[in-house]
Amino acid sequence: MPVLVSHSPADEPWAQWIALELRAAGHDVHLDPAGPGFVRRLAAGLGGTDPVLLLISAEHRATAEDWATLLRAPAIVGRLIVLRLDAAELPRALRALPCRNLHGLDEEDALELLLNLAGGIRRHQFPRAAGW
């Protein structure tokens, strides 16, 4: 199951670390830096059940209208998980969504949280060789 990670350009190091760790655990990860059209991309997601991790920090520049548009998209309902990267207050529209806090966690605890959100470690399936 693919995981979509949406983030502000300023939070690219966080997004890269998350992608690296989730890929190492066997997940297909797609990064989507916030910019023009990011609300439409998030609302569409990757598929009907794929999780969408939305990284939020004081650096995120989405507007209240962007968040309201996102939350009206039926494709995102039940799939969007907000990950706070710092102590900045969440935008009002996002406060009713599931939210986890990476701020203040050490690397091990942050990784455990991410793996739990993404469904754990995926085992790679290798094709069986003839005669096995």
Notebook entry, point to check: Looking only at atom types and distance, does a side-chain atom of Arg23 sit under 3.5 Å from a main-chain N or O of Val29, one as donor and one as acceptor?
Noted result: yes

Note to self: Restricting to non-hydrogen atoms, name the atom on Ala34 and the atom on Ser8 that form the minimum distance, rounded to 0.1 Å.
What the structure shows: CB-CA, 4.2 Å

Under 3.5 Å, side-chain donor or acceptor atoms of residues 53-64 against the rest of the protein: list the pairs with distances, not counting sequence neighbours.
from, atom 1, to, atom 2, distance (Å)
Ser57, OG, Asp11, OD1, 3.2
Ser57, OG, Asp11, OD2, 2.6
Ser57, OG, Glu59, N, 3.0
His60, ND1, Ala62, N, 3.3
Arg61, NH1, Ala58, O, 3.1
Thr63, OG1, Glu65, N, 3.4
Thr63, OG1, Asp66, N, 3.0
Thr63, OG1, Asp66, OD2, 3.3

Could you go through residues 101-121 and list every donor-acceptor pair under 3.5 Å that involves a side-chain atom there, pairing it with any protein atom two or more places apart or in another chain?
from, atom 1, to, atom 2, distance (Å)
Asn101, OD1, His103, N, 2.9
Asp106, OD1, Glu108, N, 3.3
Asp106, OD1, Asp109, N, 2.8
Asn116, ND2, Glu112, O, 3.3

Next item on the list: Treating Ile, Leu, Val, Met, Phe, Trp and Tyr as nodes and any side-chain heavy-atom pair under 4.5 angstrom as an edge, say whether Leu97 and Leu90 lie in one connected cluster.
Entry: yes

Item checked: SG on Cys99 to CG on Leu83, rounded to 0.5 Å -> 7.5 Å

Note to self: Any heavy-atom pair between the side chains of Leu31 and His7 that's under 4.5 Å?
What the structure shows: yes

Margin query: Could you check whether any side-chain heavy atom of His30 comes within less than 4.5 Å of a side-chain heavy atom of Val3, counting everything from C-beta outward?
Written below: no

Next item on the list: Kindly indicate whether the side chain of His27, heavy atoms from C-beta on, has any atom under 4.5 Å from the side chain of Glu21.
Entry: no

